[in-house]
Amino acid sequence: MGNPNILDDVFENFVNGVKLFKDREVLRHDYLPDKLPHRESQIRLLGCAVAPVLKDARCSNIFIYGKTGTGKTAVTKYVLSHLEAKAKEYGASVRFCYVNCRMTGTEYRIFANLSQSVGLMIPFTGLSVGEVFDRFRAGLDATKTLFIVVLDEVDALIKDRGDGLLYELTRINETLHKSRVSLIGISNDLRLKEFLDPRVFSSLSEEEMIFRPYDASELRNILHERSKLSFNEGSLSEAALNVCSALAAAEHGDARRALDLLRVAGEVAERQGAQIVTEDHVKEAERNIEHNRVVEALKNLTLHSKLVLLSVYHLNKSSVTTGEIYDVYDKICSELGAGLLTQRRLGTLVNELDVMGLLNAKVVSMGRYGRTKKIRLEIPRTLIKEVFGSDDRIGLLVGGTQTFLSRNSS
DNA sequence: CGTCCACAGGAATGACGGGCGG
DNA sequence: CCGCCCGTCATTCCTGTGGACG
């Protein structure tokens with residue numbers, strides 16, 4: 001039994017301490033506010049584009065570009081939810097389905113998702129993609145609706161799956177009799193058209209919208225609006241608000257990031273029992289967010305990705321090559337009794353770690369001495385220790401300790 | 001100026017566990 | 001229960017290549 005006073009203190013503080021938050025849900029980025037400052041014109045534009053469905057006409061396909069946190073998803077959801085309400089009022093048969101392509105992952109699951117929203121049950125595996133598509137088309141045509149498909153983060157899908165799904169969807173109206181489909185594609189990558197078949201691209205972007213990043217003062221307004229709902233009066237300092245806006249503006253005007261900062265800053269302040277959220281809490285929050293991001297990423301790596309990272313760690317040089325990593329990795333594997341992957345495979349693992357920002361990999365040519373990747377650790381060495389084992393344990397780890405394997409199994 | 005290193009990274013293929021329809 | 005198809009991870013085989021060296 002521990003000392004009950006320790007917890008008493010914590011709970012006491014939580015219940016009776018100063019409450020900074022009124023409702024922290026408001027600061028989550030999936031929260032949809034009923035007002036989207038600085039996006040009025042985009043809302044109007046998108047509204048105009050989809051309005052025809054209220055008169056039972058198919059609306060144009062729409063393509064929306066913009067970096068993360070510029071309000072693309074929020075505006076789309078906002079407009080569509082209002083459209084849905086209006087459609088009910090007018091008795092128009094309109095339905096929409098929102099799919100996040102990055103989360104949903106594969107064509108199969110996307111079609112399964114679309115099918116579900118026209119009331120079809122699709123097993124989450126077992127059928128061919130073509131079969132699911134046919135069922136979706138048949139199911140949709142039976143219902144006689146104007147169906148709006150929102151494909152969020154569609155760039156993620158196209159980059160690793162190609163544009164087959166989009167091609168099918170842009171052509172689906174040719175084989176539908178009673179229903180019609182409109183597409184809204186949302187992309188974070190402004191150069192998406194380079195990856196697309198020109199025919200697909202042209203039919204997909206009958207209308208195009210671009211979301212510019214927010215600047216610092218716009219972010220400030222957004223945060224201000226939200227903070228009125230999420231924080232109790234007087235518990236958020238002007239300075240904190242400004243720093244949040246400035247930090248997020250520096251990072252391509254990402255409102256999502258700004259909201260995260262504000263929320264975490266509030267949590268930090270609350271934990272410290274502060275009366276008011278200050279600038280320092282925001283800075284602390286910034287460090288926390290990054291720290292958590294990396295720790296989460298590290299913990300969720302597969303065994304071999306961890307081993308690759310450890311190999312880089314052990315080499316302990318400012319920059320290493322693929323071959324060097326492979327040698328060390330080879331040694332670690334045999335000492336751990338773990339199966340060995342090929343160098344080809346290791347190369348793609350390194351690339352994955354690069355994308356995650358844990359490593360930095362750059363192809364360089366060393367002329368006579370070949371062509372390889374220069375790889376650097378992108379995170380503090382101390383963090384690797386923190387996650388993979390404490391202090392000198394790592395040294396032993398190469399000797400093959402049990403602790404290491406069990407650490408990986410969870 | 002060609003060679004040739006030490007890989008990069010694409011394509012095809014296979015093993016595997018999950019899950020269906022019949 | 002079988003046969004089929006799914007996505008994922010991994011292997012095998014392969015062609016491509018920037019630039020220092022000779």
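Both backbone and side-chain heavy atoms feed into the values below; hydrogens, waters and symmetry mates do not. Everything numeric in this text was worked out from a predicted model, so none of it was measured. First the proteins, then the strands, lettered A, B, ... as listed; each starts at 1.
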Closest listed nucleotide, where the reference is the side chain of A:Arg345 and the choices are B:dG21, B:dC7, C:dA10: C:dA10
Donor-acceptor pairs under 3.5 angstrom involving side-chain atoms of residues 369-380 of chain A: please list them, not counting sequence neighbours.
residue, atom, partner, partner atom, Å
A:Lys373, NZ, A:Asn351, OD1, 2.8
A:Arg376, NH1, A:Glu378, OE1, 3.1

Length of the CG-C1' vector between A:Asp327 and B:dA6, whole Å: 12 Å
Side chain to side chain, A:Tyr90 and A:Lys55, heavy atoms closer than 4.5 Å: no
Length of the CG-P vector between A:Leu340 and C:dT12, whole Å: 11 Å
Audit row: A:Phe211, A:Tyr65, ring pair (Phe, Tyr, Trp, His ring centres under 6.0 Å) steps and yes/no: CA-CA 6 Å; A:Phe211 281 51; A:Tyr65 296 101; over 10 Å; no
Atom-pair distance (NZ on A:Lys362; C1' on C:dT17), nearest Å: 17 Å
Contact residues, residues 364-376 of chain A to DNA chain B [heavy atom, < 4.0 Å]: A:Gly367, A:Arg368, A:Tyr369, A:Gly370, A:Arg371, A:Thr372, A:Lys373
Separation of C:dG7 C1' from A:Asn113 CG (nearest whole Å): 16 Å
A:Leu341 CG - B:dA15 C1' separation (whole Å): 14 Å
Sugar-phosphate only, base, or nothing, as touched by A:Gly347 at under 4.0 Å among non-hydrogen atoms: nothing
Nearest-angstrom distance from the residue atom OH of A:Tyr326 to P of C:dT11: 8 Å
Under 4.0 angstrom between A:Thr322 side-chain N/O and B:dA8 OP1 or OP2: yes
Interatomic distance, A:Ile110 CD1 vs C:dG7 C1' [rounded to whole Å]: 14 Å
Close side-chain approach of A:Leu383 to A:Phe388, heavy-atom, < 4.5 Å: no
Length of the CG-P vector between A:Leu346 and B:dA6, whole Å: 17 Å
Nearest-nucleotide pick for A:Gln343, side chain only, options being C:dT11, B:dG9, B:dC7: B:dC7
Within 6.0 angstrom of A:Lys22 NZ, more than 12 heavy atoms from elsewhere: yes
A:Lys228: salt bridge (charged side-chain N to carboxylate O under 4.0 Å, His left out) partners, not counting sequence neighbours: A:Glu225
Nearest to side-chain heavy atoms of A:Arg344, which nucleotide of B:dG9, B:dC7, C:dT11: B:dG9
Between A:Ser230 and A:Asp23: side-chain donor-acceptor atoms closer than 3.5 Å: no
